[in-house]
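Report on the following structure.
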Amino acid sequence: MRRKFVAGNWKMHGSLAENQVLLDALNRGIANLGQIDCAVCVPYPYLFQAQNILHDSSLSWGAQNLSQHAKGAFTGEISATMLKDFGCHYVLVGHSERRSLYGEDSVLVAQKFKAAQASNLIPILCVGETLAQREQGVTEAVVSEQLDAVVLLCGVEAYSRAVVAYEPVWAIGTGKTASPQQAQEVHQFIRRKLAARAATVAEQLRILYGGSVKAANSNELFTMPDIDGGLIGGASLDAEEFLKICSSAH
Ligand code: PGA
């Protein structure tokens with residue numbers, strides 16, 4: 001049985017004062033939800049704050065990106081061991097905004113995935129197609145290429161220590177959620193594809209859906225057989241909304 005997992009992606013939002021309010025509210029709310037896996041992926045400067053506020057909480061925290069390198073002359077970059085220093089459990093890799101705005105291709109994303117695992121972080125690998133790609137009917141080919149890059153570099157077994165997030169680019173921040181059926185189709189494709197190489201790994205892999213998830217649609221999405229939770233952007237900045245989404249995964 002896969003345990004549901006909900007992760008928030010704050011993106012470039014927050015301030016010390018705002019985060020204090022949000023994290024305090026999440027901390028209190030999560031305590032009432034019982035056994036559930038939830039996390040927030042916060043901007044780097046706030047990892048220390050997240051660690052301070054959440055150290056006793058069942059809410060985990062993580063980052064939104066990392067360097068593929070372990071250390072060295074890489075001005076402005078952040079390594080996996082630095083994230084571990086601040087108690088991170090998770091790190092997003094290959095978010096579509098990183099791919100499209102910062103030119104991260106699947107090879108680089110796989111290197112980041114590998115660097116995360118080398119420091120015992122759980123990478124949350126984001127995959128998904130653009131609207132144009134969906135309309136061209138190449139969704140499966142696009143997602144395959146994104147998944148295969150990791151298999152090539154790290155081996156399929158690496159997925160046993162990772163989470164995958166399917167996020168159709170056209171659904172991110174647009175208010176246009178994929179229907180539960182549309183999402184389920186791709187989730188099932190991802191699981192079957194990996195199952196062809198490693199059945200147990202695929203069966204145990206948590207595949208999250210992301211893209212305009214909110215409390216009003218999370219229940220429906222999370223009841224689909226291959227949807228194991230969500231990666232939540234905008235709605236994760238609102239404590240009440242995020243907690244409702246977490247409880248619908250419960
Ligand atoms: P959204 O973002 O929930 O605001 O659509 C999801 C994401 O980018 O991870």
Side-chain angles (χ1 to χ4, degrees), residues 4-14 18-19 22 26 37-44 46-47 50 59-66 88-104 106 109 112-113 116 121-131 133-134 139 142-143 146-147 162-180 182-184 186-187 190 206-222 224 227-249:
K4 297 265 195 256
F5 176 52
V6 175
N9 171 15
W10 287 6
K11 309 194 181 188
M12 198 172 74
H13 292 288
E18 287 168 359
N19 305 343
L22 177 55
L26 292 178
D37 273 353
C38 294
V40 284
C41 295
V42 309
Y44 294 137
Y46 301 129
L47 286 171
L59 181 63
S60 309
W61 60 96
Q64 301 167 14
N65 184 29
L66 82 167
C88 289
H89 278 78
Y90 299 97
V91 60
L92 303 180
V93 296
H95 189 279
S96 70
E97 285 148 21
R98 301 293 321 169
R99 293 181 193 261
S100 68
L101 302 173
Y102 301 96
E104 295 192 7
S106 294
V109 171
K112 292 185 173 201
F113 183 109
L121 286 162
I122 306 279
I124 302 176
L125 173 72
C126 305
V127 300
E129 81 289 1
T130 63
L131 184 58
Q133 289 165 333
R134 174 161 281 260
T139 297
V142 169
V143 170
Q146 294 168 335
L147 293 168
V163 173
V164 169
Y166 168 59
E167 298 202 303
V169 179
W170 47 272
I172 295 178
T174 58
K176 235 170 106 178
T177 325
S179 70
Q182 273 175 326
Q184 165 60 24
V186 181
H187 282 235
I190 292 170
R206 292 191 289 189
I207 308 175
L208 313 182
Y209 168 78
S212 298
V213 177
K214 39 189 184 289
N217 58 27
S218 57
N219 234 339
E220 228 192 339
L221 285 159
F222 297 169
M224 300 309 282
I227 301 184
D228 306 310
L231 179 57
I232 321 298
S236 71
L237 298 171
D238 179 321
E240 199 185 327
E241 186 76 7
F242 187 64
L243 286 166
K244 277 189 194 156
I245 296 170
C246 291
S247 72
S248 72

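Both ligands and their constituent atoms are indexed starting at 1 by order of listing.
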Query raised in the report: So, is Gly233 polar-close to ligand 1, with some N/O to N/O distance under 3.5 Å?
Result: yes

Query raised in the report: Looking only at heavy atoms, what is the nearest atom pair of Trp61 and Ala39, with distance?
Result: N-CB, 4.5 Å

Query raised in the report: Backbone or side chain, does any N or O of Ile232 fall under 3.5 Å from an N or O of ligand 1?
Result: no

Report summary line: Short version for Cys126: what comes under 4.0 Å of ligand 1, heavy atoms counted, is neither

Query raised in the report: Are any of the heavy atoms in Gly210 under 4.0 Å away from ligand 1?
Result: no

Query raised in the report: So which heavy atom on Pro43 is nearest to which on His13, and how close?
Result: CG-O, 3.6 Å

Query - Ala171 heavy atom under 4.0 Å from ligand 1 - result: yes

Query - Sequence neighbours excluded, every pair satisfying salt bridge (Lys or Arg N to Asp or Glu O under 4.0 Å) that has a member inside residues 231-242 - result: Glu240-Lys244

Requested in this report: Using a 4.0 Å heavy-atom threshold (strictly under), name the region of Ile172 that reaches ligand 1: side chain, backbone, both or neither.
Outcome: both

Query - Lys11 side chain near His95 side chain, heavy-atom distance below 4.5 Å - result: yes

Report task. Output the list of atoms in ligand 1 that are nearer than 4.0 Å to some heavy atom of His95, sorted by atom number. Result -> 7 (C), 8 (O), 9 (O)

Report task. Please work out which of the three classes, parallel, tilted or perpendicular, describes the rings of His187 and Tyr166, given edges at 30° and 60°. Result -> perpendicular

Query raised in the report: Based purely on interatomic distance, does Thr174 place a nitrogen or oxygen under 3.5 Å from a nitrogen or oxygen of ligand 1?
Result: no

Query raised in the report: Do Glu97 and ligand 1 have an N or O pair less than 3.5 Å apart?
Result: no

Report task. Verify, without hydrogens or angle tests, whether Lys112 (side chain) and Leu66 (backbone) share a donor-acceptor contact under 3.5 angstrom. Result -> yes

Query raised in the report: Shortest non-hydrogen contact from Ser212 to Asn217?
Result: O-ND2, 3.1 Å

Query raised in the report: Looking only at non-hydrogen atoms, which of Glu167, Gln64, Lys176 approaches atom 9 (O) of ligand 1 most closely?
Result: Glu167

Report task. Show which atoms of ligand 1 fall inside a sub-4.0 Å distance from at least one heavy-atom site of Gly173. Result -> 1 (P), 4 (O), 5 (O)

Requested in this report: Please identify which atoms of ligand 1 are closer than 4.0 Å to at least one heavy atom of Lys11.
Outcome: 2 (O), 7 (C), 8 (O)

Report task. Could you tell me if any non-hydrogen atom of Lys214 lies under 4.0 Å from any atom of ligand 1? Result -> no

Query raised in the report: Are side-chain heavy atoms of Cys41 and Trp10 found at a separation under 4.5 Å?
Result: no

Report summary line: The closest protein heavy-atom partner of atom 4 (O) of ligand 1 is Gly234 N, 2.9 Å

Requested in this report: Would you mind listing which atoms of ligand 1 come within a distance below 4.0 Å of any non-hydrogen atom of Leu231?
Outcome: 9 (O)

Query raised in the report: Purely on distance, is any nitrogen or oxygen of Gly211 under 3.5 Å from one on ligand 1?
Result: no

Query raised in the report: Do side-chain atoms of Arg206 reach the backbone of Val163 as a donor and acceptor pair under 3.5 angstrom?
Result: no

Requested in this report: Taking all heavy atoms of Gly8 and all of Ser236, pick out the closest pair and write down the distance.
Outcome: CA-CB, 3.6 Å

